[in-house]
2 protein chains.
Amino acid sequence: MAKKVTLKDVAKHAGVSYQTVSKILRDQIQVTPEVRVRVQQAVEELGYRPNVTARSLRTQASHLIGYSWQPSRQNFFSPVLEEFEQSVVEAAERRGYHILLFPQREGIDSFKTYEELAYTGRVDGFILSDLGYSDPRIPALQALKIPLVAFGRTNCENRQFPFVDVDGRAGVRQVVEHLLDQGHQRIAVLGWPEESRVGTDRLSGYWDGMEAAGITVDRAWVKRRAGEYDYGYEAAHELLELPAKRCPTAIVTVFDLIAVGVIHAVEAKGLVVGHDIAVTGFDDVPMVPYLRPGLTTLRQPTWEVGQRTINILVNLLEGNPTDTQQVLLPPELIIRESSQGYYQPS
Amino acid sequence: MAKKVTLKDVAKHAGVSYQTVSKILRDQIQVTPEVRVRVQQAVEELGYRPNVTARSLRTQASHLIGYSWQPSRQNFFSPVLEEFEQSVVEAAERRGYHILLFPQREGIDSFKTYEELAYTGRVDGFILSDLGYSDPRIPALQALKIPLVAFGRTNCENRQFPFVDVDGRAGVRQVVEHLLDQGHQRIAVLGWPEESRVGTDRLSGYWDGMEAAGITVDRAWVKRRAGEYDYGYEAAHELLELPAKRCPTAIVTVFDLIAVGVIHAVEAKGLVVGHDIAVTGFDDVPMVPYLRPGLTTLRQPTWEVGQRTINILVNLLEGNPTDTQQVLLPPELIIRESSQGYYQPS
DNA sequence: ATGTGTTAGGCGAACGTTCGCCTTATCGTT
DNA sequence: AACGATAAGGCGAACGTTCGCCTAACACAT
């Protein structure tokens with residue numbers, strides 16, 4: 001590192017006290033134009049940059065925001081989180097904050113993680129994503145009185161905390177209604193097990209839609225299992241082997257990759273997706289636009305989630321009057337060929 | 001934020017001087033067992049955590065590493081960088097460092113970015129990715145004597161700097177040799193324009209392979225254009241319209257998405273990928289495993305790149321004797337169906 | 001008794017800021 | 001001529017550490 005230029009150096013060079021330099025640079029004081037110019041020149045010449053560490057120590061604010069999430073397994077992708085991260089970084093930067101990464105590796109000594117999170121003074125606040133049911137990070141941070149905003153909800157019933165989330169339930173309901181509009185009646189759904197909060201949320205949108213339409217749901221149409229591509233592939237095979245009268249004409253899934261598995265299974269059976277059977281996904285992952293046929297899916301307003309999250313947090317940090325602290329955003333239904341064949345109900 | 005517990009609080013509670021507490025906690029001093037226990041109990045009871053900001057100020061080391069990259073456009077994916085980031089974060093954490101994000105938005109006031117980078121004392125060193133030709137960040141950081149390690153090379157001829165990179169040239173050469181082994185002779189290549197450093201690097205592997213095999217390359221086989229899916233789709237159409245004698249039997253691309261475009265174009269022409277024509281990609285992006293037919297491609301050892309990058313940087317920061325500071329890793333050839341039809345040369 | 005070495009722990013200073021109070025000079029007013 | 005108000009800028013202290021040096025106490029050998 002280069003020899004540091006400090007306030008004192010600048011002050012000496014400009015012939016004033018270093019505290020005065022500090023104040024001039026932050027516009028906290030009135031000085032004669034002449035002095036101001038002298039100081040600015042000195043700053044320029046010496047290439048002075050304030051030392052953020054010292055500033056943080058003094059002001060008790062690091063202007064750093066911690067971001068804690070669960071890194072995906074290697075070579076496995078979570079594009080939603082990728083975009084969320086981008087958005088958060090961008091929004092934070094615009095408000096004068098930077099993002100510090102705190103991956104939350106599952107299993108591995110989660111105690112140590114809280115140590116990390118607690119690390120005094122390192123960050124002013126936290127953004128959490130990948131919330132689990134009753135996520136332990138929330139009480140931990142709240143005990144330390146560190147402000148936080150979460151991407152997603154959790155089931156800490158008795159705890160209030162600010163969050164931004166996407167309304168998966170409303171989204172899936174919208175999908176179901178779209179399929180009903182197309183004439184479908186026997187609609188199946190591939191969900192995730194109960195342990196998955198988002199999975200459960202999305203699945204309930206299916207029930208909402210079916211119930212509202214007054215359709216009695218065949219138990220065989222509803223599957224709840226962990227997995228992605230393979231799950232979709234296998235489950236679709238099972239569904240398609242149901243007797244003709246019970247065989248679904250549409251398959252709703254809670255994740256695009258499951259839908260891809262379904263599509264491949266459908267095609268392996270010699271059926272045409274979008275014509276013989278409709279398939280839908282969730283997330284609009286980056287590979288989807290390159291899929292044929294195009295996959296009807298729900299796109300999360302990820303960018304906006306990130307922006308809102310940071311806004312809430314920064315308002316919290318800076319003590320601004322903040323509007324609502326719990327935001328639920330609707331996903332956007334993207335209709336493509338996979339749900340658009342002119343299907344004729346039998 | 002909760003009321004801070006400082007060394008002085010602990011000291012008072014344990015009945016020693018606060019400096020002694022500091023030394024005990026860092027094992028810098030010998031004390032009677034009795035005192036040690038008293039101090040540890042006080043730490044426990046009060047829930048003391050060292051204030052990293054103060055520590056940084058004193059030791060002149062933040063144990064923070066800046067990571068600067070070019071965020072992809074929205075809803076556009078760069079899975080390689082995603083995995084790189086993960087790897088970097090993980091490796092850094094293991095050595096006691098954290099990662100601070102410094103996105104480098106193109107165009108937008110790049111001057112301000114350097115201000116940011118220069119921000120005194122905030123970070124101990126930098127990791128750069130997405131190097132451009134003669135990347136301006138490198139001289140900027142070197143002028144400030146801030147250690148850096150890059151993912152990728154650049155053409156700052158006269159500058160030496162540590163980097164880790166993937167040998168795209170050797171990779172593509174390997175692909176070409178693989179195709180030659182399959183009996184292909186008329187091999188086309190879809191590259192990127194000269195402005196792209198990686199594109200140029202990868203393209204040269206094509207020339208290497210063809211030259212070594214003694215094949216005269218038809219100028220029409222080599223395309224250099226910016227783009228991805230659409231580029232592949234259009235370029236493939238052009239290639240397939242060449243007269244039979246000059247029409248390529250294999251198309252090498254410098255990126256998987258280009259290859260996906262090619263595949264779709266080939267299929268649109270009624271040809272069978274892997275049988276009538278071979279196609280290869282680069283990167284093994286996450287969607288590739290779900291493609292049919294499977295795409296032959298080159299996988300970057302992204303995880304290892306991240307690990308090596310951090311190791312070099314941390315060694316630099318801590319003044320450890322470091323072995324080599326310029327590392328070139330070979331990508332791994334993944335052979336799938338798209339290049340495996342039994343093609344019979346005409 | 002005196003000197004010498006070792007051990008346990010205290011103490012002052014420094015890292016580079018920001019903050020609040022204080023001083024001095026200038027000017028206008030009564 | 002004396003007073004007060006305002007403007008310009010200085011000064012000491014503090015944020016919570018770490019670091020190097022110092023001291024007191026004790027043990028041991030002379």
Rounding to a whole Å, what distance do you find between [X]:[atom1] and [N]:[atom2]?
X	N	atom1	atom2	answer
B:Y48	D:dT17	OH	C1'	7 Å
A:R49	C:dC15	CZ	P	21 Å
A:I24	D:dA8	CD1	P	11 Å
A:H63	C:dT18	NE2	C1'	13 Å
B:N51	D:dA14	CG	C1'	13 Å
B:L25	D:dC19	CG	P	13 Å
B:L46	D:dG16	CG	C1'	15 Å
A:K8	C:dC15	NZ	P	7 Å

Between [options], which nucleotide gets closest to the side-chain atoms of [X]?
X	options	value
B:K4	D:dG16, D:dT17, D:dC19	D:dG16
B:V31	C:dG9, D:dA8, C:dT17	C:dG9
A:K23	C:dT17, D:dC11, D:dT17	D:dC11
A:T32	D:dG16, D:dT18, D:dG9	D:dG9
B:V35	C:dG9, C:dT17, C:dC19	C:dG9
B:L57	C:dT17, C:dC15, D:dT17	C:dC15
A:T20	D:dG16, D:dA8, D:dG9	D:dG9

With a cut-off of less than 4.0 Å, is there a side-chain N or O of [X] near OP1 or OP2 of [N]?
X	N	answer
B:R36	C:dA8	no
B:R55	D:dG16	no
A:Q19	D:dC11	no
B:T6	D:dG16	no
B:Q30	C:dA8	yes
A:Q60	D:dG16	yes
A:R58	D:dG16	no
B:S22	D:dG16	no

Quick check: does any side chain N or O of [X] sit under 3.5 Å from a backbone N or O of [Y], one acting as donor and the other as acceptor?
X	Y	answer
A:S62	A:R122	yes
A:D9	A:T6	yes
B:S87	B:E83	no

If the test is ring pair (Phe, Tyr, Trp, His ring centres under 6.0 Å), which one of A:F102, A:W69, A:Y67 qualifies with A:F126?
A:F102

Do the rings of A:Y97 and A:H63 sit parallel, tilted or perpendicular, given the 30° and 60° boundaries?
parallel

How do A:Y18 and A:I29 order along DNA chain D: which one's closest nucleotide is nearer the 5' end?
A:I29

Could you go step by step and tell me if B:N311 and B:R94 meet the side-chain hydrogen bond (donor to acceptor under 3.5 Å, both in side chains) rule?
CA-CA 10 Å; B:N311 276 342; B:R94 251 184 311 120; over 6 Å; no

